Enquirer: 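Pasting a structure below so you can have a look.
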Amino acid sequence: MKEIKTSEIPGFRIGHAQDEANATGCTAIICENGAWAGVDVRGGSPASRETELLKPVNTVQQIHCVMLSGGSAFGLEAGDGAMQFLEEKGVGFDVGIGRVPIVCGASLFDLELVNFHSRPDKKMGYEACKNAYINPEPEQGNVGAGTGATVGKLHNTVDMMKCGIGIYAAQIGNVKCAAIVAVNALGDVVDYDTGRILAGLLNQDHTGFADTKKCLYQEIEQNRNLWNGNTTIGCVITNAKLDKCQCNKAASIVHNAFAQTIRPAHSTADGDTIFVMANGKIEVSPDAFNTMATEIMARAVNRAALSAEPAYGLKSAQTMLSK
């Protein structure tokens, strides 16, 4: 598997917009000509937009954008900005009297970090789409939907760390695939290759990691409410030929990447959601593709931790690795 740039996957554009002062943002993933798509919502506390239409039994076969955002349910408004932007470009599902862009999305909770009343809105979503056409290679870390992302929140916000948005793209033969993911998890991010913790729940003096899994085991006989300000949201894009059913199955299988790199993943206090967008150019073995996409998503999760910079008074993986 050879690493490539996201811009090498034809037909897709990725753009960020953010409010750094208030620690929130959004990321638009656009396919103007339409992409077959699927989704798997695995966490117990999701905030999502237009996921129902991605069920194979429903009419719409292709979508034009996935909007990932902060702001919890409020942040879903960023998708309206994508609707406006794409309508202005004449992009959308032809309904006879006009075109309706199909914009799906999911939001993570970052409202606790700086300002509860500052969230991604229609204007920010529009800006993210504009930026997708200006900057061919999107940034990683404290940008877009990852601007206010944090991890390690078993003890609420006391011992958490800064995380961000990660991107990884690769190619096998003619099949190209990328993953974009904003990591905002209850648990710890662990290295895909070694299993060591990269970012997560800090110990009491913040000199090392407490290990969320071990702490959970210590509380196994306590039935306390966990901090609900979590959720990891991501999207896989590819030039592979996958139909709507295959995209939905791929989204389900790619959740294995979260299980491999976030410990624990898919808790009742997370809203973990993965989209898959395929523009249908290259024949592919679905099982081989799903294996490839899972590894790519796992490496994108690691990038989200490693590219995040310390911010808002929080340490990041960069802080811990520099010791």
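Nothing here was measured: the structure is a model prediction, and the numbers come from that model.
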Enquirer: Check whether more than 12 heavy atoms from other residues, nucleotides or ligands sit under 6.0 Å from atom CG of Asn174, and answer yes or no.
Expert: no
Enquirer: Give me the one residue out of Leu186, Leu154, Thr212 that meets side-chain contact (heavy atoms from CB on, under 4.5 Å) with Ser267.
Expert: Leu186
Enquirer: Hey, quick one: are Ile237 and Leu86 part of the same hydrophobic cluster, counting side-chain heavy atoms closer than 4.5 Å, chains of contacts allowed?
Expert: yes
Enquirer: Quick one: do Ile233 and Phe275 satisfy side chain to side chain contact (heavy atoms under 4.5 Å, CB included)? Show the steps, please.
Expert: CA-CA 8 Å; Ile233 50 178; Phe275 295 91; over 6 Å; no
Enquirer: Name the one of Lys315, Gln318, Lys162, Met320 that satisfies side-chain contact (heavy atoms from CB on, under 4.5 Å) with Pro310?
Expert: Gln318
Enquirer: Considering all heavy atoms of both residues, which atom of His16 and which atom of Thr27 are nearest to each other, and what is their separation?
Expert: ND1-OG1, 2.8 Å
Enquirer: Counting N and O atoms only, with roles assigned by atom type, does the side chain of Asn22 sit under 3.5 Å from a partner on the main chain of Ser118, one being a donor and the other an acceptor?
Expert: no
Enquirer: Nearest 0.5 Å, what's the CG-CZ distance between Leu76 and Arg119?
Expert: 12.0 Å
Enquirer: Which value, rounded to the nearest 0.5 Å, describes the distance between Cys26 atom SG and Lys123 atom NZ?
Expert: 12.5 Å
Enquirer: Less than 3.5 Å apart, any donor N or O on the side chain of Ser316 or Glu309 sitting next to an acceptor on the other?
Expert: no
Enquirer: Mind running side chain to side chain contact (heavy atoms under 4.5 Å, CB included) on Tyr192 and Thr261 for me, showing each step along the way?
Expert: CA-CA 6 Å; Tyr192 174 70; Thr261 55; 3.9 Å; yes
Enquirer: Could you tell me whether Phe85 and Tyr133 have their ring centroids closer than 6.0 angstrom?
Expert: yes
Enquirer: Are Met1 and Val254 connected in the hydrophobic side-chain network, where two residues link if heavy atoms are under 4.5 Å apart?
Expert: yes
Enquirer: Is it the case that over 12 heavy atoms from other parts of the model lie below 6.0 angstrom from the CD atom of Gln222?
Expert: yes
Enquirer: Check whether any side-chain heavy atom of Phe258 sits under 4.5 Å from a side-chain heavy atom of Asp270, and report yes or no.
Expert: no
Enquirer: Restricting to non-hydrogen atoms, name the atom on Asp211 and the atom on Arg263 that form the minimum distance, rounded to 0.1 Å.
Expert: OD2-NH2, 3.8 Å
Enquirer: Is it true that Met277 and Ile165 fall in one hydrophobic cluster, defined by side-chain heavy atoms closer than 4.5 Å?
Expert: yes
Enquirer: Provide the closest heavy-atom pair for Gly164 versus Ala308 in the form atom of the first, atom of the second, distance.
Expert: N-CB, 3.9 Å
Enquirer: Within 45° of the six-membered ring axis of Tyr168 and under 6.0 Å from that ring's centre, is NZ or CZ of Arg303 located there?
Expert: no
Enquirer: Check the surroundings of atom CG in Asn33: do more than 12 heavy atoms from other residues, nucleotides or ligands lie under 6.0 Å from it?
Expert: no
Enquirer: Closer than 3.5 angstrom, by distance alone: can the side chain of Glu87 be matched with the main-chain N or O of Pro101 as a donor-acceptor pair?
Expert: no
Enquirer: Would the distance check show the side chain of Gln140 and the main-chain N or O of Gly166 forming a donor-acceptor pair, the cut-off being under 3.5 Å?
Expert: no
Enquirer: Measuring only between side-chain heavy atoms, which start at C-beta, is Leu201 closer than 4.5 Å to Lys214?
Expert: no
Enquirer: Let me see the working for Val151 and Ile262 under side chain to side chain contact (heavy atoms under 4.5 Å, CB included), right down to the final yes or no.
Expert: CA-CA 9 Å; Val151 292; Ile262 301 172; over 6 Å; no
Enquirer: If I compare all heavy atoms of Leu68 with all of Gly234, which pair ends up nearest, and what's the gap?
Expert: CD1-CA, 4.2 Å
Enquirer: Ignoring hydrogens and geometry beyond distance, is a side-chain donor-acceptor pair present between Ser107 and Ser69 at under 3.5 Å?
Expert: yes
Enquirer: Can you tell me if Gln171 uses its side chain to pair, donor with acceptor, with the backbone of Lys176 under 3.5 Å?
Expert: no
Enquirer: Do side-chain atoms of Thr231 reach the backbone of Leu108 as a donor and acceptor pair under 3.5 angstrom?
Expert: no
Enquirer: Between Gln61 and Thr59 (side chain of the first, backbone of the second, donor and acceptor by atom type, cut-off under 3.5 Å), is there such a pair?
Expert: yes
Enquirer: So, does Asn135 use its side chain to make a donor-acceptor pair with the main chain of Pro138 at under 3.5 Å?
Expert: no
Enquirer: Just by modelled atom types, is the Ala149 backbone N or O under 3.5 Å from a matching donor or acceptor in the Asp110 side chain?
Expert: no
Enquirer: Any link between Ile134 and Ile14 through a network of hydrophobic side chains (Ile, Leu, Val, Met, Phe, Trp, Tyr) touching at under 4.5 Å?
Expert: no
Enquirer: With side chains defined as the heavy atoms from C-beta onward, is the minimum distance between Phe209 and Asp188 less than 4.5 Å?
Expert: no
Enquirer: What's the separation between atom CG in Asp159 and atom CD in Gln204, rounded to the nearest 0.5 Å?
Expert: 7.5 Å
Enquirer: So Met160 and Leu113, do their side chains get closer than 4.5 Å, heavy atoms only?
Expert: yes
Enquirer: In plain terms, say whether Asp80 and Arg49 are close enough for a salt bridge, that is, a side-chain N and a carboxylate O under 4.0 Å apart.
Expert: yes
Enquirer: Evaluate salt bridge (Lys or Arg N to Asp or Glu O under 4.0 Å) for Glu283 paired with Lys241, printing each intermediate quantity in order.
Expert: CA-CA 5 Å; Glu283 290 287 349; Lys241 189 178 291 186; 3.2 Å; yes
Enquirer: Do Asp19 and Thr147 have side-chain heavy atoms sitting under 4.5 Å apart?
Expert: no
Enquirer: Are the side chains of Ser252 and Arg42 in touch, meaning some heavy atoms are under 4.5 Å apart?
Expert: yes
Enquirer: Nearest 0.5 Å, what's the CG-OG1 distance between Asp121 and Thr24?
Expert: 9.5 Å
Enquirer: Closest heavy-atom contact between Asn248 and Ala37?
Expert: ND2-O, 3.9 Å
Enquirer: May I have the step-by-step check of side chain to side chain contact (heavy atoms under 4.5 Å, CB included) for Lys244 and Asn58, ending in yes or no?
Expert: CA-CA 10 Å; Lys244 194 174 179 183; Asn58 291 330; 4.2 Å; yes
Enquirer: Is a side-chain N or O of Asp243 found less than 3.5 angstrom from the main chain of Gln246, in a donor-acceptor match?
Expert: yes
Enquirer: How close do Leu242 and Trp36 get, counting heavy atoms only, and between which atoms?
Expert: O-CB, 3.3 Å
Enquirer: Counting only heavy atoms not in Glu139, do more than 12 fall under 6.0 Å of its CD?
Expert: no
Enquirer: I'd like to check Arg299 versus Asn302 (side-chain heavy atoms, cut-off strictly below 4.5 Å). Are they in contact?
Expert: no
Enquirer: Any non-hydrogen side-chain atom of Lys55 less than 4.5 Å from a side-chain atom of Val39?
Expert: no
Enquirer: Scan side-chain atoms only and decide if Asn184 and Lys153 contain a donor-acceptor pair under the 3.5 Å cut-off.
Expert: yes
Enquirer: Flag yes if Tyr126 and Val103 sit in one hydrophobic cluster, no otherwise; membership is Ile, Leu, Val, Met, Phe, Trp, Tyr, and two members link when side-chain heavy atoms are under 4.5 Å apart.
Expert: yes
Enquirer: Does a sphere of radius 6.0 Å around CD in Glu88 hold more than 12 heavy atoms from other residues, nucleotides or ligands, not counting ones at 6.0 Å or beyond?
Expert: yes
